[in-house]
Visitor: 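I am attaching a structure below and will ask some questions about it afterwards.
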2 protein chains.
Amino acid sequence: MPEPASRRELNKAATRQAITAAALALLKGKGPGNFTVEDIADAAGISRRTFFNYFSSTEAALASVTHGFLDNALQQFRQRPADEPILESARAALMQLADPMTVAPLAELFTLTQGNAVLSRSELEAWDHCTEQIITAARERFAGTPGTEVDELYLRSLAGSVIACGKAAMDVWFVRCGADLSPGSLAVLRQLLIDSIGHLGSGFGSPATAPALNPGPATSTLLKERL
Amino acid sequence: MPEPASRRELNKAATRQAITAAALALLKGKGPGNFTVEDIADAAGISRRTFFNYFSSTEAALASVTHGFLDNALQQFRQRPADEPILESARAALMQLADPMTVAPLAELFTLTQGNAVLSRSELEAWDHCTEQIITAARERFAGTPGTEVDELYLRSLAGSVIACGKAAMDVWFVRCGADLSPGSLAVLRQLLIDSIGHLGSGFGSPATAPALNPGPATSTLLKERL
DNA sequence: CATAAAAGTACACTACGTGCAAATTTGCAC
DNA sequence: GTGCAAATTTGCACGTAGTGTACTTTTATG
């Protein structure tokens with residue numbers, strides 16, 4: 001699909017973009033809960049009704065940021081070689097999240113919604129949606145191996161755990177570095193993602209105490225797949 | 001706290017119970033989205049305004065079922081011995097969920113809300129809330145070991161993964177057994193919970209194909225803790 | 001240019017959630 | 001049981017959310 005860029009598609013994409021931009025601007029300017037759908041519509045130059053043609057709620061409009069963010073990782077996961085250990089694929093996909101351009105909007109959104117129950121609810125939904133898609137992707141991958149039936153429990157446990165680890169890494173990163181997008185901060189995020197998947201790969205058998213000044217071994221000894 | 005049972009407390013608890021019961025009855029009778037807060041209030045014998053004194057929304061009233069369900073497991077987790085391998089504690093806590101009395105309301109709720117986006121959103125929130133509480137509980141446990149600093153990433157990854165595995169087991173169970181609460185069905189759930197935590201404990205290293213007719217080894221070889 | 005389809009808009013309507021003040025119930029002392 | 005203070009319920013009003021519907025504008029196509 002190189003050129004589905006008809007005028008209509010472009011307009012819709014532009015409108016959609018205008019809405020999320022307006023919503024983010026209002027969130028930054030007035031704080032969560034202090035603006036209405038009508039405010040967003042006015043700022044985006046559309047009618048209130050049209051807003052609802054694009055998003056079912058204010059939170060949905062803001063959650064589109066997270067969706068885009070996670071879709072990015074999912075896309076990475078899908079194009080990993082099928083014979084690669086699945087945790088390695090997950091690690092590679094999550095690593096994509098540490099890209100400045102990618103995390104920037106999410107980091108901003110995260111700092112603005114911290115501590116707001118209503119908004120973080122939509123965030124949860126986005127992560128869950130991503131989990132479902134990973135389950136689908138992983139199922140398709142394993143289905144490629146003929147003669148063996150796919151273990152639904154394995155799939156769902158694995159996908160859920162991977163997402164949980166990614167989320168944990170993001171959470172710890174935000175707490176530790178705030179919205180800092182400097183190379184050093186992103187390196188921290190990358191390491192956190194590696195370590196969380198590492199913990200997962202080692203069955204959480206390592207001690208629960210921080211390696212502190214010795215980040216090396218935690219990442220080097222973990223991803224020893226059994227296949 | 002053996003007797004905080006003043007008249008006021010009892011009345012409030014009764015009202016709260018009446019609300020959730022009315023909400024569940026309406027959910028069963030009319031289906032999700034086909035009844036209003038006013039309907040619930042009428043059925044519970046209170047005013048619409050009073051409903052909102054107890055719950056912030058219809059979904060919140062229904063999610064209280066899930067909260068009670070998960071609080072049960074959390075309570076189990078808290079009273080496990082502190083020197084026990086943490087995954088074993090998690091397994092024991094999750095095992096509590098396979099009790100007929102405990103799962104019954106959740107199973108009913110689950111079948112009624114299957115495929116309803118609005119309602120499952122509140123369910124997600126409940127699971128996430130439980131995750132946060134497990135993180136707190138686990139942090140307190142590890143903090144008991146002096147001289148060692150607690151690794152936030154380990155904590156959050158672990159708690160998130162455990163919850164994800166519990167959720168995965170429940171999902172698979174519902175798909176496989178529906179709302180069946182027979183001893184056999186509960187045995188299946190118990191085994192699913194054991195297996196999911198087993199996968200987690202072994203770092204998801206076992207092949208992704210179902211053991212099929214050989215359920216034994218999957219559970220016996222997994223929980224080999226490294227401590 | 002004609003015309004059909006797609007997208008945006010105006011309007012009306014139900015329901016949600018909350019602040020507020022009046023009314024009712026409960027706990028407690030006398 | 002009477003009086004009184006605190007807790008709880010209730011009715012009312014208000015702004016906002018979300019949706020159905022019919023109407024207008026924009027875009028694609030011949």
Side-chain angles (χ1 to χ4, degrees), chain A residues 1-23 26-27 29-64 113 116-122 125, chain B residues 1-23 26-27 29-64 113 116-122 125:
Chain A
M1 53 195 89
E3 300 190 53
S6 70
R7 184 60 161 266
R8 278 190 176 134
E9 301 295 334
L10 287 177
N11 282 347
K12 286 184 72 170
T15 300
R16 201 180 177 82
Q17 164 62 24
I19 292 176
T20 62
L26 283 168
L27 180 64
K30 297 191 167 186
N34 297 121
F35 57 96
T36 71
V37 169
E38 194 159 13
D39 293 333
I40 302 176
D42 288 346
I46 56 172
S47 72
R48 195 178 79 98
R49 191 60 183 83
T50 297
F51 171 91
F52 285 111
N53 286 343
Y54 281 85
F55 298 102
S56 60
S57 66
T58 302
E59 306 88 63
L62 291 170
S64 72
T113 61
N116 186 274
V118 179
L119 282 180
S120 38
R121 186 179 297 190
S122 291
E125 204 179 5
Chain B
M1 52 195 87
E3 301 192 51
S6 73
R7 184 58 162 271
R8 282 196 169 123
E9 303 294 336
L10 288 178
N11 281 347
K12 287 185 73 168
T15 301
R16 202 178 176 82
Q17 164 61 25
I19 292 176
T20 62
L26 282 168
L27 180 63
K30 296 190 168 188
N34 298 121
F35 57 95
T36 71
V37 169
E38 192 159 13
D39 293 332
I40 302 176
D42 288 347
I46 57 173
S47 72
R48 194 178 77 99
R49 190 62 184 82
T50 298
F51 171 92
F52 284 111
N53 287 343
Y54 283 86
F55 298 102
S56 60
S57 66
T58 303
E59 306 89 62
L62 292 170
S64 72
T113 62
N116 186 273
V118 179
L119 282 180
S120 38
R121 186 180 297 190
S122 292
E125 204 178 6

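Below, read A as the first sequence line, B as the second, and so on, with proteins coming before strands; counting in each chain starts at 1.
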Visitor: Does any N or O donor sit under 3.5 Å from an N or O acceptor when you compare the side chain of A/Arg8 with the base of D/dT27?
Guide: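 Pair found.
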
Visitor: If you check the A/Ser6 side chain, which of D/dA28, C/dA7, C/dG17 turns out closest?
Guide: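 That would be D/dA28.
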
Visitor: Given A/Phe55 and A/Thr20, is the side chain to side chain contact (heavy atoms under 4.5 Å, CB included) satisfied, shown in steps?
Guide: CA-CA 10 Å; A/Phe55 298 102; A/Thr20 62; 3.8 Å; yes

Visitor: Could you state the CZ-P distance from B/Phe51 to D/dT8, rounded to the nearest angstrom?
Guide: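 Nearest whole value for this atom pair: 18 Å.
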
Visitor: Report the distance from atom NZ of B/Lys12 to atom P of D/dA6, rounded to the nearest whole Å.
Guide: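 Atom-to-atom, B/Lys12 to D/dA6, this comes out as 17 Å.
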
Visitor: Checking side chain to side chain contact (heavy atoms under 4.5 Å, CB included) for the pair A/Phe52/A/Arg49: CA distance, chi angles, key distance, verdict?
Guide: CA-CA 5 Å; A/Phe52 285 111; A/Arg49 191 60 183 83; 3.8 Å; yes

Visitor: Which part of the nucleic acid, if any, lies within contact of A/Asn11, taking any heavy atom under 4.0 Å across all strands shown: a base, the sugar-phosphate backbone alone, or nothing?
Guide: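 The answer is sugar-phosphate, as A/Asn11 gets under 4.0 Å only of primed atoms, P, OP1 or OP2.
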
Visitor: May I ask you to decide if A/Arg8's main-chain N or O and A/Asn11's side chain share a donor-acceptor pair within less than 3.5 Å?
Guide: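 Judged by distance alone, no pair lies under 3.5 Å.
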
Visitor: Starting at atom CD1 of A/Ile46, determine the distance to atom P of D/dT26, rounded to an integer number of angstrom.
Guide: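 Whole-Å distance recorded here is 16 Å.
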
Visitor: Expressed in angstrom and rounded to an integer, what is the separation of A/Phe52 atom CZ from C/dA12 atom P?
Guide: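 Going from CZ in A/Phe52 over to P in C/dA12 covers 18 Å.
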
Visitor: Evaluate side chain to side chain contact (heavy atoms under 4.5 Å, CB included) for B/Lys12 paired with B/Tyr54, printing each intermediate quantity in order.
Guide: CA-CA 9 Å; B/Lys12 287 185 73 168; B/Tyr54 283 86; 3.6 Å; yes

Visitor: Determine whether a donor-acceptor pair (one donor, one acceptor, N or O, separation below 3.5 Å) exists between the side chain of A/Arg48 and the base of C/dG8.
Guide: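 When only heavy-atom distances are counted, A/Arg48 does not reach the base of C/dG8 through any donor-acceptor pair under 3.5 Å.
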
Visitor: Kindly point out which of C/dC11, D/dT9, C/dG8 is positioned nearest to the side chain of A/Asn53?
Guide: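 Nearest to the side chain of A/Asn53 among the choices is C/dG8.
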
Visitor: If you apply the rule side chain to side chain contact (heavy atoms under 4.5 Å, CB included), what do you find for A/Thr58 with A/Leu27, and how did you get there?
Guide: CA-CA 10 Å; A/Thr58 302; A/Leu27 180 64; over 6 Å; no

Visitor: Give a yes or no on whether a donor-acceptor pair under 3.5 Å exists between the nucleobase atoms of C/dG19, that is its base, and the side chain of B/Arg49.
Guide: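 A donor-acceptor contact between them is present.
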
Visitor: Determine whether any donor atom in the side chain of A/Arg7 lies under 3.5 Å from an acceptor atom in the base of C/dA6, or the reverse, and answer yes or no.
Guide: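 No pair found.
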
Visitor: To the nearest Å, how far apart are A/Ile40 CD1 and C/dG8 C1'?
Guide: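 Atom-to-atom, A/Ile40 to C/dG8, this comes out as 18 Å.
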
Visitor: B/Phe55 near the nucleic acid: base, sugar-phosphate alone, or nothing, with a heavy-atom cut-off under 4.0 Å?
Guide: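 Nothing, no nucleic acid heavy atom in range.
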
Visitor: Only pairs with both distances under 3.5 Å count, Watson-Crick or wobble alike; so what is the partner of D/dA5 in this structure?
Guide: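 Partner of D/dA5: C/dT26.
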
Visitor: How would you label the contact of B/Tyr54 with the nucleic acid (heavy atoms, under 4.0 Å): base, sugar-phosphate, or nothing?
Guide: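 It contacts sugar-phosphate atoms only.
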
Visitor: Students often get this wrong, so: under 4.0 angstrom with heavy atoms, is B/Thr50 touching a base, only sugar-phosphate, or nothing?
Guide: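 Since a base atom lies under 4.0 Å of B/Thr50, the category is base.
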
Visitor: Please report, rounded to the nearest Å, how far the C1' atom of D/dG15 is from the CG atom of A/Asn34.
Guide: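 Roughly 14 Å, once rounded to whole Å.
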
